[in-house]
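These numbers come from the heavy atoms of this one structure, side chains and all, not from hydrogens, waters or symmetry mates. Bear in mind that the values here come from a model prediction, so they are computed numbers and not experimental data. Numbering starts at 1 and runs along the sequence shown.
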Amino acid sequence: MARRSARPKLRDRNHEQYAPVRPMFPPQSGWSPVDGEIRDRKYVKNVKAMSAQQQALLDAIAERNVVLALGPAGTGKTYLAVAKAVEALEAGRVNRIVLSRPAVEAGETLGFLPGDANEKLAPYLRPLYDALTERLGTKRLKAMVAEGIIEVAPVAFMRGRTLNDCFVVIDEAQNCTYGQIKMLLTRLGWRTTMVMTGDPDQTDLLPGVSGLRDIAQKLDAVEGISVVRLTDADIVRHPLVAGMLGVL
């Protein structure tokens, strides 16, 4: 009994010995990762722009059938596109949502992945599912995917299709070749909105293979198509992201 009763006392002494832990972010630094600034990512029913260019993107999506959103990581390109797609679906303006992304590894080889086609492609399409989950919730998203109301597919599965009455989001388009982007754009059908997002400066393809920059320059002159270019000032992720992109 004496040995058993001594254990709590030993734990208390150890706790007191190591209790004064130095904070990771000292008060004198003037910065905190939980800073209460306006760039809070709480869920809101109606997504609002946090910069002038983000507002330009939202306006373009509302007014045009084809929109290209170019900009660095963290500018909200994919999230805004997915949020507007969900909004259009819930308002009855489209019958379904089609999300596509190239299955390109970001500088490393995953090797053989087990499972069927959907399980093999899941790691590449995860960012789209994350945005959808935040807007719809897990249960509702699963139900809509099962019913075919929401489809998430790699670029390779888009050839030969005509997409009518839907909202199409093409994500990570900088990892598509010129021919792939041309193929994707020509999938556009009646009463369909297509938003293509990407960062021409952050491609995982070999130099000169990505076709996003050339496509965007050519589509600038096409009436009815909007090309919105976001910058580091539009980044809504952690404030350090903008600082890192400025020097890397």
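- Connection of Leu219 to Val168 is established within a shared hydrophobic cluster, with ILVMFWY side chains joined at heavy-atom distances below 4.5 Å, either directly or through further cluster members.
- Side chain of Asp234 to backbone of Thr231: a donor-acceptor contact under 3.5 angstrom is found.
- Hydrophobic clustering (ILVMFWY, side-chain heavy atoms < 4.5 Å, transitive): Leu70 and Val228 are in distinct clusters.
- The structure places CG of Leu132 at 5.5 Å from CG of Leu141, a figure rounded to the nearest 0.5 Å.
- Shown here for Leu184 and Cys176, the closest heavy-atom pair between the two residues is CD1-SG, 4.2 Å.
- Counting all heavy atoms, side chain and backbone alike, Ile61 lies closest to Phe167 at CG2-CZ, 3.8 Å.
- Taking all atoms of both residues into account, the shortest heavy-atom contact from Val236 to Gly76 is CG2-N, 4.3 Å.
- Distance alone, capped at 3.5 Å, places no donor-acceptor pair between the Thr192 side chain and the Leu188 backbone.
- The shortest non-hydrogen separation linking Leu57 to Ala69 is CD1-CB, 3.7 Å.
- When atom types are taken as modelled, the side chain of Thr203 and the backbone of Gln174 share a donor-acceptor pair closer than 3.5 angstrom.
- For Arg93 (side chain) and Leu89 (main-chain N/O), no donor-acceptor pair under 3.5 Å exists by modelled atom type.
- Here the side chains of Leu185 and Val66 are in contact, with some heavy-atom distance below 4.5 Å.
- With hydrogens and angles ignored, the 3.5 Å screen pairs a side-chain donor or acceptor of Ser100 with a backbone N or O of Ala153.
- Just one of Leu80, Val98, Val67, Leu99 meets the side-chain contact (heavy atoms from CB on, under 4.5 Å) condition when paired with Val169; it is Leu99.
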Quick one: do Met144 and Leu136 satisfy side-chain contact (heavy atoms from CB on, under 4.5 Å)? Show the steps, please. CA-CA 10 Å; Met144 287 185 169; Leu136 293 169; 3.9 Å; yes
After noting the C-alpha distance and the side-chain angles of Lys84 and Tyr79, does the key distance pass the side chain to side chain donor-acceptor pair (under 3.5 Å) rule? CA-CA 9 Å; Lys84 297 303 287 185; Tyr79 186 83; over 6 Å; no
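- Considering only heavy atoms from C-beta on, Leu128 comes within 4.5 Å of Arg101 through its side chain.
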Check the pair Thr78 / Glu172 against side-chain contact (heavy atoms from CB on, under 4.5 Å), numbers first and verdict last. CA-CA 9 Å; Thr78 301; Glu172 295 290 321; 5.5 Å; no
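- Val195 and Met158 sit in two unconnected hydrophobic clusters of ILVMFWY residues. Membership requires side-chain heavy atoms under 4.5 Å apart, directly or through other members.
- With rounding to the nearest 0.5 Å, the separation of CD1 in Ile149 from SG in Cys166 is 13.0 Å.
- Between the Gln54 side chain and the Thr75 main chain, a donor and an acceptor come within less than 3.5 Å of each other.
- Atom CG of Asn175 is separated from atom OG of Ser210 by 7.0 Å, given to the nearest 0.5 angstrom.
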Verdict with reasoning, Val47 to Arg135, per side-chain contact (heavy atoms from CB on, under 4.5 Å): CA-CA 10 Å; Val47 175; Arg135 301 308 304 170; 3.7 Å; yes
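- For Glu151 (side chain) and Gly148 (main-chain N/O), no donor-acceptor pair under 3.5 Å exists by modelled atom type.
- A salt bridge links Glu90 with Arg140: the distance from a Lys NZ or Arg NE/NH1/NH2 to an Asp or Glu carboxylate oxygen falls below 4.0 Å.
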I'd like to know whether Asn65 forms a side-chain contact (heavy atoms from CB on, under 4.5 Å) with Met194, so could you lay out the CA-CA distance, the side-chain angles of the two residues, the decisive distance to 0.1 Å, and finally the verdict. CA-CA 6 Å; Asn65 291 110; Met194 180 178 290; over 6 Å; no
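- Residue Val222 is grouped with residue Met196 when hydrophobic side chains (ILVMFWY) are merged at heavy-atom distances under 4.5 angstrom, including chains of intermediate members.
- Across all non-hydrogen atoms, the minimal contact from Thr197 to Ala81 is CG2-CB, 4.4 Å.
- A salt bridge is absent between Asp214 and Lys218: the closest approach of a Lys/Arg side-chain nitrogen to an acidic carboxylate oxygen does not fall below 4.0 angstrom.
- Across all non-hydrogen atoms, the minimal contact from Ile181 to Gly211 is CD1-C, 3.7 Å.
- Note: the hydrophobic cluster containing Leu58 does not contain Ile170 (ILVMFWY, side chain heavy atoms under 4.5 Å, direct or indirect links).
- A side-chain contact (heavy atoms from CB on, under 4.5 Å) with Arg96 holds for exactly one of Asp165, Leu163, Ile150, Asn164; it is Leu163.
- The main-chain N or O of Pro72 is found under 3.5 Å from a side-chain atom of Lys77 such that the two form a donor-acceptor pair.
- A salt bridge links Arg213 with Asp201: at least one charged nitrogen is closer than 4.0 Å to a carboxylate oxygen.
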